[in-house]
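Computed from a prediction, not measured in an experiment: that's the story for all the values here. Values below: every heavy atom of this structure, side chains too, minus hydrogens, waters and symmetry copies.
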Amino acid sequence: MATWLSRVGAASMRRAWFVIIAWVVALGGVLGGAVALGPNMQESFDIPGTESQEALDHLGSVFPQVAGSSVQVVLSAEGGIEAHRDAIERQAEAIGDISLVAQAVDPWSEFANDQISADGTVAYTLVQFEPTDGAKPTTLDEVVATADALRASGVQVEFGGQVFQSQSVGVTIVEVFGVVFAGMVLFVTFWSLLTAGMPLLTALVGVGITMGGVLGASALVTVSNSAPLMALMIGLAVGIDYALFILSRHRSQLARGMGVIASGSLAVGTSGTAVVFAGITVIVALVGLLIVNIPFLSVMAIGAAGSVAVAIAAATTLLPAIMALAGERLRPKTGSRAHRLALRDVDAQPTLGMRWVTAISKRPLLAILGVVAVTVVAALPVASLQLALPDNGREAAGSTQRIANDTLQEAFGDGTTGPLVVMLDITQVTDVMGTIDAVADELEQVPGVDRIAGAFPDATVDTAIIQVIPTTGPADPATVEVVHALRELAPAIEAEHGTPMAVTGMTAVQIDLSQRLADALVPFGAVVVSLSVLILLLVFRSILVPLTAALGFVLSVLAAFGATVAIFQWGWAAELLHFEAGPILSFMPVLTMSVLFGLAMDYQMFLVSGMREAYAHGHPSDPDRARSAVRHGFAANARVVTAAALIMFFVFFAFVPEGMAMIKAIAFGLAFGVAIDAFLVRMTLVPALMTLMGERAWWLPRWLDRILPNMDVEGESLGRHRAALAWAADAGGHLALERLRPELGHDLPGEQSWTLTAPRGAVVRLGGSFAERQRLAHALLSDIGATGSAHLGGAALPGDAATIRQRMALVDLDLAGTGSHQESAHQAARAALALRSPFAIGTVLDRRASTLVERAGIAAGTPIDAAAPMARLAPLARAAVLLAIAMERTPSLLWIDAAGGAPTGAAAIAARLGGDDVTIVTSEASPEAHGRAAIELAPASAAAEDRAAAQDRLDEQRVAEAAHPPTEAASAHPPTDSDASAGDLATTGADR
């Protein structure tokens, strides 16, 4: 991963304008598509598989006039509604004529049910839409337009109903302030306006693409009003943070003298790997919400996950391209604050991070108890958590839906805005109306039921509905008890009257949704925590580190939930944050848990990976090695993690004071959770626990170490690859091997090693046994493992294995005819060409095969019968055909071998076919190719070469120590990636 990302970063920097233009085109295309499709935000709380949803779907097919969404046209007049009866009835008729409106029942209709208040000053017209498409904005606009005449006559007209919940996606000035605060944090981090602006720019481009995608998708699928803002909030926060991690690494490396391209590619390969890993954890957690099987939540989760994916892509491609254009301007000036911070010796001049972690390491138990006490106290309100979906009673004061809601509840009771619908199956009933009335009477006696608003059958007399008005509003916990009581009564009613019963309606649907989310909270949390333990086990190859990380995550989540309950449910600081207390948004816990999980793993990655590197580079005999690794690993990354957490906090919290009602609780929970997790858990609890655990923190059973895949999140493979590239540059030649020892099996090195340096176009004569030669060839192709170093044309193992495979052709002359002894030379050539050109037509393949065999005959110096079986050709002719086939790939290295050795003249044929630029390796006894002398390559004793290598390293170490004796500070400060230069990183990577 690290090596691949490093190449992506380097490619993006070398083709900077192409990458930037591609992103601009993508941004314009997505936003243009969203505008062309026309956003259509809707609230739809369908929950497949629940009683309420199944009953509602059934009503949609047999009783459509009561199954669709509805609107209450709330009318009030101080002089009484009766005086305006004619105008109100005309309005109802006009609404009934609007397309997609199933019916409009005015207050005086024979189908009306107590739609005039007791004092006669308030009434409402009930508008029922068709089951599908009834809530389109154009339809609602037509309904609203009918109120103009009534308002002119002095009647106050307001509109209520779920479809009138906020339909727009608004971004206020407060959200802009969040971005401004993030910019200030970036400036303080980098002390450069140019550098501080880059994460903001890449994040805004990513957010623009995500918002365009979500808004465009709303024209095709049902997208909740809060989904775009959710994607905006998460995309903006992670987009800035991910760019910050990479850019901080880049600037630090530039301050140490690295080149722009080299530094950028290394930053993307190392910090970018952590960014990709952290982003994937967020995506996995968000996509995991699909298992809850709630459509609107699934769409929201996919939108948020998409914003994270775009943020990852922008940080690893768009940001490097911008860094390339900025070039040397990003390099801190010598003597500047940024330059001094990058080169600062934290032992001689302790940073705030070093002083903080030193204080923690002196009293780790006190730090642990303090963090646990604070988080437990913050989590206490979780015990009274109540979940519900928003209704019009939570809309902004002064909005038409809020006024309508409050007017209805004051005039008719709280339950009027959330009626329940009881569906009866009356197919087996003889006395239809008598049974319906009897059931209605029983339902009215249920505690919490205010009245029965209506009871009637459908036109085919097979289904009946009873409208039940509870005494409490739709978001009141008492209404939940009413729904449960009605459902508990269903078996008795069915037994008594022979009428199966189901409770439905939008209020029941929302209650069922909240219940499903509440039920899914603990299992989902268990999955997320288990996932965190597994991922960190793979990353840090430790048992205790993942467990402590998971414990910290649980504390952060519970504290975030507790604080949210205290603020939004209990009403603490309600006036200050401009909201009204009430139940917590049903999907707040699962969404908050998903996002916090990824962010917690992000901070854990950057802090603990620094500790692991410092531990790995410390001296094994140092008794304070583990404690020193905690301090120096923390100090190396505390600054960037602090900046990232502050940015997250400001961006999330900006959505709290003036954000949408549905977003406020989520934004607050994320902001509070980030603050708790970053500053208390990751930067206080984790260092304290790591200090107490000491060496035990990095313990992993050997059997588990063998079976776990290497995730290489710290970029160790990139360090080894850079070391290999540095060696390749020093080794020179077109093909170079240095103590390359192929493995006999898994982790079982062979007894022979190979050392060689050969220029381009050289002829290399292979010695040793056939088995040894084959192992060497397959080690170069990376089919088997090997120790030592090797490169071909600058492509070094192991990182450039794919490139070497493309440049190298292996020809085993003993394999001729093993597939079919009767296969002719023409057929063999045609089959090989077909593999390279699978879409070529037969006549073209035949012509090319004939040409190839003819070219092989010219190189061999004798015509070759194309129709003759390969097995019957002379050894040299057969070799010529096989070599001509191999040269179709235009390799730079041609490897010729056979169990008995390549036939005399094979190298000369290869030279004629490939030219002077092709390097030839052959087992031919005395190869000659165009007069080029052969370089002998024979295996050497691995033990002897190991002793020589050990002596070389010892001599180099003595020379280095004599020239640069270690200082006391240096010996106490194990190097970290952030302190290492390019050469240092390559060396330490190779050592690891």
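Ring geometry for Tyr124 versus Phe412: interplanar angle over 60°, hence perpendicular rather than tilted (30 to 60°).
Atom CD of Gln604 is separated from atom CZ of Phe553 by 12.0 Å, given to the nearest 0.5 angstrom. Atoms CD1 and CG, from Ile647 and Leu236 in turn, are 10.0 Å apart once rounded to the nearest 0.5 Å. Of the inter-residue distances, the one linking Leu318 atom CG with Ile209 atom CD1 reads 8.5 Å to the nearest 0.5 angstrom. In this structure, Leu646 CG and Met648 CE are separated by 11.5 Å, a value rounded to the nearest 0.5 Å. Distance check: Ser52 OG to Leu420 CG gives 10.5 Å after rounding to the nearest 0.5 Å. Atoms CG and CG, on Leu596 and Leu591 in that order, are 11.0 Å from each other to the nearest 0.5 Å.
Using a 4.5 Å heavy-atom threshold, the side chains of Leu685 and Leu555 count as touching. In this structure the side chain of Tyr242 never reaches within 4.5 angstrom of the side chain of Leu319, judged on heavy atoms. At least one side-chain heavy atom of Ile240 sits under 4.5 Å from a side-chain heavy atom of Leu186. Between Leu607 and Val686, the closest side-chain pair of non-hydrogen atoms is not below 4.5 Å. With a 4.5 Å cut-off on side-chain heavy atoms, Val656 and Phe568 count as touching. Two residues are said to be in side-chain contact when any heavy atoms from C-beta on lie closer than 4.5 Å; Gln72 and Thr417 fail this criterion. A 4.5 Å side-chain heavy-atom check between Val74 and Phe159 finds every atom pair outside the cut-off.
For the pair Thr375 (side chain) and Val372 (backbone), a donor-acceptor distance under 3.5 Å is present. The backbone N or O of Ser384 sits less than 3.5 Å from a side-chain atom of Gln569, completing a donor-acceptor pair. Thr471 places a side-chain N or O within 3.5 Å of a backbone atom of Gly448 that can act as its donor or acceptor partner. Ser556 places no side-chain N or O within donor-acceptor distance of the main-chain N or O of Ile676, the cut-off being under 3.5 Å. The main-chain N or O of Phe245 is never found under 3.5 Å from a side-chain atom of Ser248 such that the two would form a donor-acceptor pair. Listed for the Thr592 side chain is no donor-acceptor partner under 3.5 Å among the backbone atoms of Pro589.
A salt bridge links Arg402 to Asp406: one of the charged nitrogens lies within less than 4.0 Å of a carboxylate oxygen.
The shortest heavy-atom contact between Leu215 and Ala34 is CB-CB, 4.3 Å. Nearest heavy atom pair, residue Ser76 against residue Val122, reads CB-CG2, 4.1 Å. Taking every heavy atom of both residues into account, Arg682 and Ala600 meet most closely at NH2-CB, 3.5 Å. Closest approach of Val565 and Pro381 over heavy atoms only: CG1-O, 3.4 Å. When all heavy atoms are compared, the tightest approach of Met683 to Val641 is SD-CG1, 4.4 Å. Gly669 and Thr564 get closest at one heavy-atom pair: CA-OG1, 3.5 Å.
Residues passing the ring-ring contact (aromatic ring centres under 6.0 Å, His included) test with Phe524: none are found, sequence neighbours excluded.
For Phe679, the CZ atom is densely surrounded, since the number of other residues' heavy atoms within 6.0 Å is greater than 12.
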Stepwise side-chain contact (heavy atoms from CB on, under 4.5 Å) test for Thr202 and Met198: CA-CA 6 Å; Thr202 57; Met198 289 183 180; 5.6 Å; no
Working for side-chain contact (heavy atoms from CB on, under 4.5 Å), residues Ile312 and Ile283: CA-CA 11 Å; Ile312 294 172; Ile283 292 172; 4.2 Å; yes
Verdict with reasoning, Phe129 to Val71, per side-chain contact (heavy atoms from CB on, under 4.5 Å): CA-CA 8 Å; Phe129 292 105; Val71 164; 3.5 Å; yes
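There is a side-chain donor-acceptor pair under 3.5 Å between Gln515 and Asp519.
The residue from Val238, Val308, Leu286 that alone fulfils the side chain to side chain contact (heavy atoms under 4.5 Å, CB included) condition with Val595 is Leu286.
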